[in-house]
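So the structure is just underneath, and the comments pick up after that.
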Amino acid sequence: MDAGLAAVLGALAGSVATIGASVATGWSAREQAKTAARAEHVRQRRDARQAVYEELITAAHAHKDLTKLLLAPAPEEFDDLERMRILPPGMDLMAVIRESDALHENVKKISTRVQLAGPKEVSSAADLVEEKSRDVSAVLGVMRVPATYPGALSLSEQWRDGCMRYVEFSSATREFAESARIALDNDGTKN
């Protein structure tokens, strides 16, 4: 082989190696940029989810704090609510019902935002929290008027039903918090 051909082939080999290294470096840089962008997206999504999850837990606890009166011994008559000091200070049953309805509406509003934030398991758990919050408010709402028609539940029976609904609401709130924790622990590598 003559020296000129060897020089051309050497230059060609050097050029191919340089182009190959350049392509590999470009591909590697692009993959690193994609990985960094994905990590930033996951972090931003996680932060937004955490904020709305915290809001729902806080709203559910506020509703639970008001309605924990349902855990008190079942009163026989409306007068027992005052005598047994079941109601929060300065509130009558109607005030508790109004406040419970308002707190439920807040839980419902935040639950809708959780539905959008996802993932599916957390959305389902949030839906259950909203449903159980509604059940507690509904039970209190029924107590508004003394049962006077045949077959109606007595106040003490309604109260016991309310206690059961409260326990279900508490359980749903705990399950939501656990689902939220698992979702927030997901670093994007778990499916």
Side-chain angles (χ1 to χ4, degrees), residues 45-147 151-186 190:
R45 180 126 190 195
R46 182 187 179 282
D47 290 350
R49 283 179 172 173
Q50 181 172 348
V52 75
Y53 296 169
E54 287 175 6
E55 280 186 67
L56 182 59
I57 291 168
T58 300
H61 281 295
H63 194 197
K64 283 176 34 191
D65 286 348
L66 174 73
T67 57
K68 70 182 171 192
L69 59 93
L70 291 167
L71 296 176
E76 294 296 324
E77 299 178 16
F78 284 97
D79 293 341
D80 292 341
L81 295 173
E82 285 267 338
R83 186 180 52 75
M84 295 169 69
R85 296 180 188 207
I86 293 173
L87 299 173
M91 296 181 88
D92 62 5
L93 183 58
M94 289 307 293
V96 170
I97 292 169
R98 282 190 302 276
E99 183 67 15
S100 177
D101 288 345
L103 290 170
H104 165 68
E105 284 303 315
N106 192 38
V107 167
K108 182 178 177 181
K109 179 181 78 171
I110 298 168
S111 175
T112 299
R113 292 178 38 222
V114 171
Q115 303 296 319
L116 295 172
K120 184 179 179 181
E121 297 79 21
V122 177
S123 295
S124 297
D127 195 37
L128 187 61
V129 168
E130 188 277 324
E131 175 187 324
K132 298 306 178 182
S133 171
R134 181 185 62 237
D135 288 351
V136 167
S137 284
V139 164
L140 284 171
V142 169
M143 291 179 196
R144 199 179 316 232
V145 179
L153 296 176
S154 68
L155 178 61
S156 62
E157 291 169 321
Q158 291 174 3
W159 201 269
R160 282 189 283 279
D161 182 44
C163 179
M164 180 187 71
R165 305 286 180 166
Y166 178 88
V167 170
E168 291 171 352
F169 180 31
S170 294
S171 177
T173 303
R174 281 191 305 277
E175 289 171 18
F176 171 78
E178 179 62 15
S179 294
R181 186 194 59 75
I182 290 168
L184 292 173
D185 282 348
N186 185 345
K190 304 171 192 168

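Owing to the predicted nature of the structure, the values given are computational and were not obtained by experimental measurement.
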Looking at E178 and R181, is there a salt bridge between them, counting it only when a charged N and a carboxylate O are closer than 4.0 Å?
yes
Among K132, H104, K108, which residue satisfies the side chain to side chain contact (heavy atoms under 4.5 Å, CB included) criterion with S137?
H104
Mind running side-chain contact (heavy atoms from CB on, under 4.5 Å) on N106 and K109 for me, showing each step along the way?
CA-CA 5 Å; N106 192 38; K109 179 181 78 171; 3.7 Å; yes
Looking only at heavy atoms, the pair that brings G162 and V139 closest together is CA-CG1, 3.3 Å
Carefully, step by step, assess E54 and Q50 under the rule side-chain contact (heavy atoms from CB on, under 4.5 Å).
CA-CA 6 Å; E54 287 175 6; Q50 181 172 348; 3.0 Å; yes
Gap between atom CD of Q158 and atom CG of D161 - 0.5 Å precision
8.0 Å
Just to verify, which of T58, L56, T173, T112 counts as forming a side chain to side chain contact (heavy atoms under 4.5 Å, CB included) with V107?
L56
Rounded to the nearest 0.5 angstrom, the CD-CZ distance for E55 and R113 is 4.0 Å
Keeping S111 on the side-chain end and A126 on the backbone end, is there a donor-acceptor pair under 3.5 Å?
yes
Note: S179 and V122 closest approach over all heavy atoms is O-CG2, 3.4 Å
What closest approach, in Å, do L70 and L140 show between heavy atoms, and which atom pair accounts for it?
CD2-CD2, 4.0 Å
Using side-chain heavy atoms (C-beta onward) and a distance below 4.5 Å, is L69 in contact with W159?
yes
Could you check whether any side-chain N or O of S100 sits under 3.5 Å from a backbone N or O of V96, counting only pairs where one atom can act as donor and the other as acceptor?
no
Exercise: identify the closest heavy-atom pair between F176 and Y53:
CE2-O, 3.7 Å
Could you tell me if the side chain of K68 sits less than 4.5 Å from the side chain of K64, heavy atoms only?
no
Does R134 pair with E130 as a salt bridge, N-O distance under 4.0 Å?
yes
Please assess L128 against E175 for the test side-chain contact (heavy atoms from CB on, under 4.5 Å), listing each intermediate value before the final yes or no.
CA-CA 9 Å; L128 187 61; E175 289 171 18; 3.9 Å; yes
Correct closest heavy-atom pair for E77 and L155 would be C-CD2, 3.3 Å
With no hydrogens and no angle check, is any side-chain donor or acceptor of S124 less than 3.5 Å from a backbone partner on K120?
yes
Would you say the side-chain atoms of S171 pair up with the backbone N or O of V167, donor to acceptor, closer than 3.5 Å?
no
In Å and rounded to the nearest 0.5 Å, what is the CD to CD1 distance from Q115 to I110?
12.5 Å
Taking the side chain from R165 and the backbone from V136, do they hold a donor-acceptor pair closer than 3.5 Å?
no
ring-ring contact (aromatic ring centres under 6.0 Å, His included) contacts touching residues 57-77 (sequence neighbours left out):
H63-F169
